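All of these numbers come straight from a predicted model, not from anything done at the bench. Naming convention: chains lettered A, B, ... in sequence-line order (proteins, then strands); numbering from 1 in each chain.
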Amino acid sequence: MSTVPTQSASNLPKAYDPSAVEARRYAFWEDIGVFHADPDPTRPPFVISMPPPNITGRLHIGHGSTFTPMDLLTRFYRMRGHNAVWIPGQDHAAIATEMVVLRELAREGLSRESLGRERYLERVWSWREEYGGIIDQQFRKLGFGPDWQRERFTMDEGLSAAVIKVFVELYRAGLMYRGTRLVNWDVVSQSTLSDAEVEDEIRAGFLWHLRYISEDGSFAIEVATTRPETMLGDTAVAVHPDDERYRHLVGRFVILPLVGRRIPIVADEAVEREFGTGAVKVTPAHDQTDNEIGLRHNLPMLSVIGFDGRMTDEVPEPYRGLERFAARDAVVRDLEVAGALVRTEPHTLRVPLSSRSGTIVEPLLSLQWFCKMKLLAASALQAFRDGRVRFVPERFGRTFEQWLENIRDWNVSRQIWWGHQLPVWYTPDDQPIVAETEEEALRLAREQHGTTELRRDPDTLDTWFSSGLWPFSILGWPAQTPELEHWYPNQVMITGRDIIPLWVVRMVILGMKFTGEVPFHDVLITPLVFDAQGRKMSKSLGNSIDPLDLIAKYGADATRFGIMRQMRLESQELRFDERFCDEARRFNTKIWNALRYAHSLSEGLPRDGKLPARKTFSLADRWIFARLHQTTARVTEAYEHYEFGVAADVLLDFIWYTFCDWYIETTKIATPTRAAVLSFVLNTAMRLLHPISPFVTEEVWQALPKIGETIVTAPWPSLDEIPLDPQAVLDFDALISVIERIRRYRADRGLTPHYKVEILAPAALQTDIEMTTLLTSLGHVTIKFLTNPIANESGEVAGRTALLQTLSIYEDPELLRKRLAELDDEIARLERKFANPNFAAKAAPEVVSKEREKLVSFEDERTRVRATMKVQEDATEK
RNA sequence: GGGCGCGUAGCUCAGGGGGAGAGCGCCACAUUGACACUGUGGAGGUCAUAGGUUCGAUACCUAUCGUGCCCACCA
């Protein structure tokens with residue numbers, strides 16, 4: 001057999017150093033363009049659209065848990081021969097980016113307005129040039145291999161054109177309208193927010209009870225509020241129509257304190273009778289529920305808080321211009337003075353916060369653009385119910401469904417400049433013209449309104465509007481490209497559950513509307529990452545872990561492996577425990593040392609990595625192949641079902657505790673096949689592990705007999721080429737359990753591993769040279785063959801495994817007695833089971849026979865233990 | 001108010017209707033030959049509690065307790 005003489009163990013570094021290997025290997029992959037793919041209709045597609053990270057983004061642990069599976073699956077399917085590609089990109093992150101740039105400008109004493117739109121946008125673009133690519137570099141450090149040549153940006157020309165086209169088409173379909181509605185206003189970023197961008201936080205606050213007196217002074221009604229400053233904008237008091245306490249007051253009027261306005265008492269079902277006093281002040285311009293009540297009762301809507309967060313001119317003079325929280329203090333103080341404040345009690349309440357700026361969101365009335373969602377949602381809902389889009393784990397489908405069922409119109413306009421400007425122009429009398437280009441708008445204006453005097457809407461679209469098109473816009477839509485043809489829909493979308501309403505819902509809706517298809521078949525929801533105490537990782541808590549720190553400590557592979565190891569789909573949280581990364585780092589070292597061992601063999605490794613004829617295999621060879629076969633099957637299945645934690649578990653167990661601890665030990669006695677088997681098993685195991693740990697597997701694979709340039713494109717191991725011999729598994733496993741008994745025997749008696757234990761074996765084993773050799777070398781024993789083998793209770797002695805099981809050794813009499821007692825208990829338990837007539841009658845036949853086998857094997861062991869005890873007694877007597 | 005996850009060894013977690021598992025930590029032993037980034041052995045658990053289903057429950061069902069998350073217009 002030809003060998004590879006060049007790479008001896010001494011040529012390999014003694015230790016595996018991830019930091020050196022990873023940078024070099026990543027550069028190698030990029031150089032040979034291994035992540036790039038073109039559509040190939042002859043092969044099945046496998047495509048993942050990378051959820052575009054914000055250009056302001058930095059790597060965080062969440063990327064580890066959601067992006068590693070994308071890289072893993074792309075690598076897995078590529079090896080399986082799919083036309084696999086992972087398409088990366090970035091999101092312009094309108095509000096987040098604008099906030100960062102505006103802060104920068106403020107430090108220079110500049111503002112958006114002082115620069116003007118054009119120069120401002122240039123500024124943002126250059127900011128993007130400078131900082132936008134950081135996360136791409138960080139992704140490379142984690143070993144992520146998307147097709148960088150296909151990287152897209154939501155503000156690209158192509159993607160922007162798609163956005164404009166979609167807006168215009170929705171408008172022409174009557175699904176986009178302009179209207180004055182209550183919106184979520186962020187006073188810091190000076191823009192609206194969609195419902196999904198508002199996060200509630202439970203905070204301690206107060207409930208102020210106010211007394212409004214009737215216009216004739218005949219009665220007073222008490223209302224409760226958590227936001228007293230809004231009382232300046234009250235235009236009614238509402239009670240429940242069935243509330244006996246107030247029914248007679250409905251239709252009467254009270255006088256609003258501090259303001260003096262005369263407001264009606266109305267009856268509305270939205271009022272909870274049990275809460276507070278059962279009467280609620282109604283501020284239709286600053287509260288969602290109140291707004292709905294206002295619409296139902298035709299109440300005036302007074303905007304008392306402005307876009308700047310200050311009180312407007314609609315309020316009495318003393319409060320005008322006051323900042324909203326200062327106004328609250330002033331109003332409370334004045335109500336108290338006026339005797340309208342009944343009492344103040346502590347109260348915990350939900351405060352709506354902007355997920356962008358963190359400030360308290362102000363609901364207020366504003367003229368905005370909205371997308372009608374009901375009709376669009378219906379087809380998405382239908383697609384889900386037809387099973388065209390499937391959630392993993394399944395239960396997240398309900399979140400999706402629930403959101404679609406209760407969907408409200410989507411406020412798509414934002415008062416910021418960085419983003420896709422609305423393709424909307426207005427005539428001098430404020431008639432909107434929606435068109436894809438300015439020329440078209442001018443033409444339409446001339447034709448329909450007889451004017452060419454147009455002013456463009458300065459607003460931009462919600463960031464999620466462009467990301468909602470992502471899975472098809474990055475493939476070239478609206479053009480019918482080969483990419484769109486073969487790679488759409490994607491196979492799987494992977495994201496966290498917090499993004500379902502923000503993004504998944506919109507992708508499905510817009511995908512259905514504009515491509516007629518779901519954008520992806522599976523939605524994999526990965527667990528959120530928590531710390532060991534079960535707290536959500538966040539910057540403010542200071543408990544977040546920077547993946548770059550983990551990479552520095554353990555290497556990228558170990559970071560990935562550690563995270564994947566802890567991922568269990570059914571759980572919705574992943575309590576991150578760094579010990580798994582440390583274990584993974586030691587695992588990589590173990591693998592590296594196994595490689596060094598293979599290279600240390602005097603005969604060298606076979607050049608081609610081909611296996612010798614099966615009949616030349618040793619028992620250990622056949623055993624490790626069978627184990628490898630099982631491992632390959634389980635790992636493949638685990639990846640297919642997104643069970644990454646299971647795959648990692650199985651691989652660690654096989655490579656470390658099966659291959660290294662047992663198989664390699666058997667090869668320390670030279671066999672003709674060992675070099676070929678070692679390199680074949682290592683090569684195969686590296687391919688199985690590669691999707692999780694790309695770097696170390698490449699490095700090891702390159703040092704083995706192999707075919708091909710890189711493990712990235714190596715074929716996925718095929719079960720057909722790995723022999724499966726079930727008898728070898730039984731025989732070798734029996735050997736293992738004997739050796740473990742021998743080790744325990746020594747440890748129990750405080751003997752050193754050098755101590756040669758004499759064991760008794762049936763004479764029939766004497767001719768089984770292979771087994772006795774393994775036994776003496778691994779177990780470090782001498783064997784005394786008995787001429788009269790110990791049979792089981794029915795007198796049977798048969799087969800190799802059975803022979804091994806009849807081995808007995810001199811054991812500590814006390815331990816033997818203990819074991820005998822245990823066996824008596826087990827046997828008694830099983831006998832009781834069999835004594836129960838219901839067991840035989842009702843239990844499944846295979847269960848009964850399994851239990852029977854168990855009973856027999858316990859009885860056999862008891863026979864052996866008793867025989868050993870007898871041998872001891874005889875020896876003592878002599 | 002609805003919906004959902006999780007309570008198994010000191011810690012982080014697998015498992016799963018029929019003999020309680022892993023890693024880390026702990027204890028003991030070993031050590032030049034791939035590997036101290038190691039190997040071997042051990043101690044440690046009424047599988048949250050109470051009922052029910054079943055021949056049999058740690059596992060399935062119900063309730064309770066604890067804990068965490070999501071949704072919702074109790075101001």
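Summary of the strand contacts: Arg586(A) and Asp748(A) both lie near RNA chain B, and taking for each the nucleotide with the nearest heavy atom, the more 5' one is attributed to Arg586(A). Each of Arg743(A) and Leu574(A) lies near RNA chain B, and the nucleotide nearest Leu574(A) is the one positioned closer to the 5' end.
For the C1' atom pair drawn from A59(B) and G45(B), the interatomic distance equals 16 Å after rounding to whole Å. Taking atom C1' on both G23(B) and G18(B), the two are 28 Å apart, rounded to the nearest angstrom. Comparing the C1' positions of G52(B) and C70(B) gives an interatomic distance of 31 Å, to the nearest angstrom. Across G3(B) and G42(B), the matching P atoms stand 48 Å from one another, rounded to whole Å. Rounded to whole Å, the separation between the C1' atoms of G33(B) and A28(B) comes to 26 Å. G7(B) and A14(B) have their C1' atoms separated by 15 Å, given to the nearest Å. C47(B) and A9(B) have their P atoms separated by 10 Å, given to the nearest Å. Nucleotides A34(B) and G66(B), compared at atom C1', are 49 Å apart to the nearest Å.
For the OP1/OP2 pair of C74(B) and a distance below 4.0 Å, the side-chain nitrogens and oxygens of His240(A) include no atom meeting the criterion. In this model, the phosphate group of C74(B) is approached by a side-chain N or O of Arg350(A) to a distance below 4.0 Å at OP1 or OP2. At the phosphate of U38(B), neither OP1 nor OP2 sits under 4.0 Å from any side-chain N or O atom of Trp592(A). For G41(B), the OP1/OP2 oxygens have no side-chain nitrogen or oxygen of Arg746(A) closer than 4.0 Å.
What you find for His347(A) and Thr226(A) is that their closest heavy atoms are CD2-CG2, 3.7 Å. Closest of all the heavy-atom pairs between Arg343(A) and Glu345(A) is NE-OE1, 3.2 Å.
Note that Lys590(A) lies outside the cation-pi zone of Tyr657(A), set by a 6.0 Å cut-off to the ring centre and a 45° limit from the axis.
In this structure, Tyr755(A) reaches neither bases nor backbone, as no heavy-atom distance under 4.0 Å exists between it and the strands shown. Among the heavy atoms of the strands, none lies under 4.0 Å from Ala840(A). Note on Asp582(A): nothing from the nucleic acid sits closer than 4.0 angstrom, heavy atoms only. Contacts of Lys833(A) with the nucleic acid, taken as non-hydrogen atoms under 4.0 Å apart, include base atoms. Residue contacts for Val271(A): at a heavy-atom cut-off of 4.0 Å it reaches a base atom on one of the strands shown. Here Glu822(A) lies out of heavy-atom contact (under 4.0 Å) with every strand.
The salt bridge (Lys or Arg N to Asp or Glu O under 4.0 Å) test applied to Asp824(A) returns Arg862(A), not counting sequence neighbours.
Between the P atom of C35(B) and the CD1 atom of Ile591(A) lies a distance of 17 Å, rounded to the nearest Å. Summarising the geometry, the separation between CZ on Arg565(A) and P on G21(B) is reported as 18 Å, rounded to the nearest angstrom. One interatomic measurement links the two molecules: CZ of Phe400(A) to C1' of C71(B), which rounds to 16 Å at whole-angstrom precision. Between the CD atom of Gln288(A) and the P atom of C74(B) there is a distance of 11 Å, rounded to whole Å. In this structure, Met564(A) atom CE and A14(B) atom P are separated by 14 Å, rounded to whole Å. As a whole-Å value, the separation of Arg328(A) CZ from A75(B) P is 13 Å.
With hydrogens and angles left out, the side chain of Lys14(A) and the base of A34(B) share no donor-acceptor pair within 3.5 Å. For Arg568(A) against C13(B), no side-chain N or O and base N or O form a donor-acceptor pair under 3.5 Å.
At least one side-chain heavy atom of Ile407(A) sits less than 4.5 Å from a side-chain heavy atom of Val505(A). Between Phe391(A) and Val504(A), the closest side-chain pair of non-hydrogen atoms falls below 4.5 Å. Side-chain atoms of Leu341(A) and Leu210(A), non-hydrogen and from C-beta on, do get closer than 4.5 Å to each other.
A side-chain donor-acceptor contact under 3.5 Å links Asp557(A) to the backbone of Val696(A). A donor-acceptor pair under 3.5 Å is absent between the side-chain atoms of His209(A) and the main chain of Glu222(A), judged by distance alone.
Listed by first residue number, the stems of RNA chain B with at least three Watson-Crick or G-U pairs below 3.5 Å are B:1-7 with B:65-71, B:10-13 with B:21-24, B:26-30 with B:38-42, B:48-52 with B:60-64.
Surrounding CZ of Phe206(A) are at most 12 heavy atoms belonging to other residues, nucleotides or ligands under 6.0 Å away.
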*Can you check each nucleotide of nucleotides 2-7 of chain B against protein heavy atoms at under 4.0 Å and return B for base, S for sugar-phosphate only, - for none, in 5' to 3' order?*
--BB--
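None of Asp653(A), Asp661(A), Asp733(A) except one satisfies the salt bridge (charged side-chain N to carboxylate O under 4.0 Å, His left out) rule with Arg627(A); the exception is Asp733(A).
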